[in-house]
Amino acid sequence: MSRVAYVNGRYLPHAEARVHVEDRGYQFADGVYEVCEVREGHLVDERRHIERLARSLKELRIDAPMTPAALGVVMRETMRRNRVRDGLVYLQVTRGVARRDHGFPPPGTKPSVVVTARSTDRRKADRLAETGIMVVTVAENRWPRVDIKSVALLPNVLARQEALDRGAKEAWFVDADGLVTEGASANAWIVTQDGAIVTRSANSGILKGITRTVTLEVTKSPAKRVEERAFSVAEAIAAREAFQTSATLTVMPVVEIDGKKIGDGRPGPVARALRARFHETAEIAS
Ligand code: PLP
């Protein structure tokens, strides 16, 4: 079955799905995006993703291209046309098409909207979670506004490739103080030897992941201690468990960092339990 993409009001076969050469997303990475999980035919945490998209657009002073309800319709139609039951929806909005010039284009320039959807193999992700993933650390080199989900992802691309080159699955950025910020496309977590669940505060250095927000809700129980604070690479390596969160792989255990085993080198009970319970707490849209 050939895939179909939504591009500025039209549903087109991928082979014909194009944006203009002077689209500012293409020329300046002047745009934002969201990736939303689809599970059993339903969007997961649609409301939060659309709210974060609106925030990213506002921070960059890009006009909202359509209402949240209209975006929802386009996302569902793109899922339907691609017959996605389990998978991902990708949504991108750029500042639109205009003659190349760094300053903003004339008022009234329409933002460009692209939506794609693809199926993923849930069993494959679950199998990966059974073994856990390896992570390498790389020096943080991104701009300070990583709270905006911008399509300018070159440092993330290079970090991920470095991870792959070193035989790992993900790279975690480490700031000048030796503290982990986040992964190339995931938020980083540890469980300390005394049982505290730790993830960096969303005040600085990270994208406030939707999966992170939901996972924090899942951890809410009197028996659990949760700390939103930065942790060092040494603390992560000495931790009982490590894991990361993202819409693409939800809660994914991390069993090795820079070649050093975390705990006994196998996914830990906290990460496993959070992964198992994640979708009970996530909002499943109709
Ligand atoms: N941090 C970065 C840099 C990301 O790119 C992503 C997801 O793509 C995340 C964190 C996780 O965010 P979410 O849980 O909303 O997918």
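Just so you know, ligand 1 is whichever comes first in the structure, and atom 1 is the first atom listed for that ligand. Note: hydrogens, waters and symmetry copies are ignored here, and every other heavy atom, side chains too, is used.
- Every N/O-N/O distance between K208 and ligand 1 stays at or above 3.5 Å.
- What sits closest to atom 13 (P) of ligand 1 on the protein, heavy atoms only, is I210 N, 3.5 Å.
- In summary, the side chains of T181 and D175 do not present any donor paired with an acceptor at a separation below 3.5 Å, with no hydrogens or angles considered.
- Note on ligand 1: F173 sits outside its first shell, no heavy atom being nearer than 4.0 Å.
- The shortest contact between atom 16 (O) of ligand 1 and any protein heavy atom is with A247 N, 2.8 Å.
- Ranking protein heavy atoms by distance to atom 12 (O) of ligand 1, first place goes to G209 CA, 3.4 Å.
- Close contacts of ligand 1 with N187, meaning ligand atoms under 4.0 Å from a residue heavy atom, involve 10 (C), 11 (C).
- Within the set A188, A159, A186, the minimum heavy-atom distance to atom 9 (C) of ligand 1 is found for A186.
- A cation-pi arrangement is absent between R200 and F231, since the terminal nitrogen or guanidinium carbon is not both under 6.0 Å from the aromatic centre and inside a 45° cone about the axis.
- We find that R85 and E40 are not joined by a salt bridge, their nearest charged nitrogen and carboxylate oxygen being 4.0 Å or further apart.
- Q244 and W172 share a side-chain donor-acceptor pair at under 3.5 Å.
- Contact atoms of ligand 1 toward A184: 3 (C), 5 (O) (distance under 4.0 Å to a heavy atom of the residue).
- Side chains of R275 and T250: a donor on one and an acceptor on the other come within 3.5 Å.
- Geometrically, R95 engages F104 in a cation-pi contact defined by less than 6.0 Å to the ring centre and at most 45° from the axis.
- Looking at Q161 and D165, their side chains do bring a donor and an acceptor atom within 3.5 Å of each other.
- Taking atom 2 (C) of ligand 1 as the reference point, the nearest protein heavy-atom neighbour is E182 OE1, 3.5 Å.
- For atom 14 (O) of ligand 1, the closest non-hydrogen atom of the protein is T211 OG1, 2.6 Å.
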Problem set entry | Worked verdict on E283 versus R47 for salt bridge (Lys or Arg N to Asp or Glu O under 4.0 Å) | CA-CA 8 Å; E283 288 177 9; R47 179 187 60 84; 2.6 Å; yes
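- The distance from ligand 1 to the heavy atoms of T245 drops below 4.0 Å at these ligand atoms: 11 (C).
- Between T248 and ligand 1, no pair of N/O atoms sits closer than 3.5 Å.
- Between atom 6 (C) of ligand 1 and the options S246, G183, S185, S150, the minimum heavy-atom separation is to S185.
- The shell of residues lying under 4.0 angstrom from ligand 1, judged by heavy atoms, includes K149.
- Note on R122 versus D86: salt bridge recorded, some NZ/NE/NH1/NH2 to OD/OE distance being below 4.0 Å.
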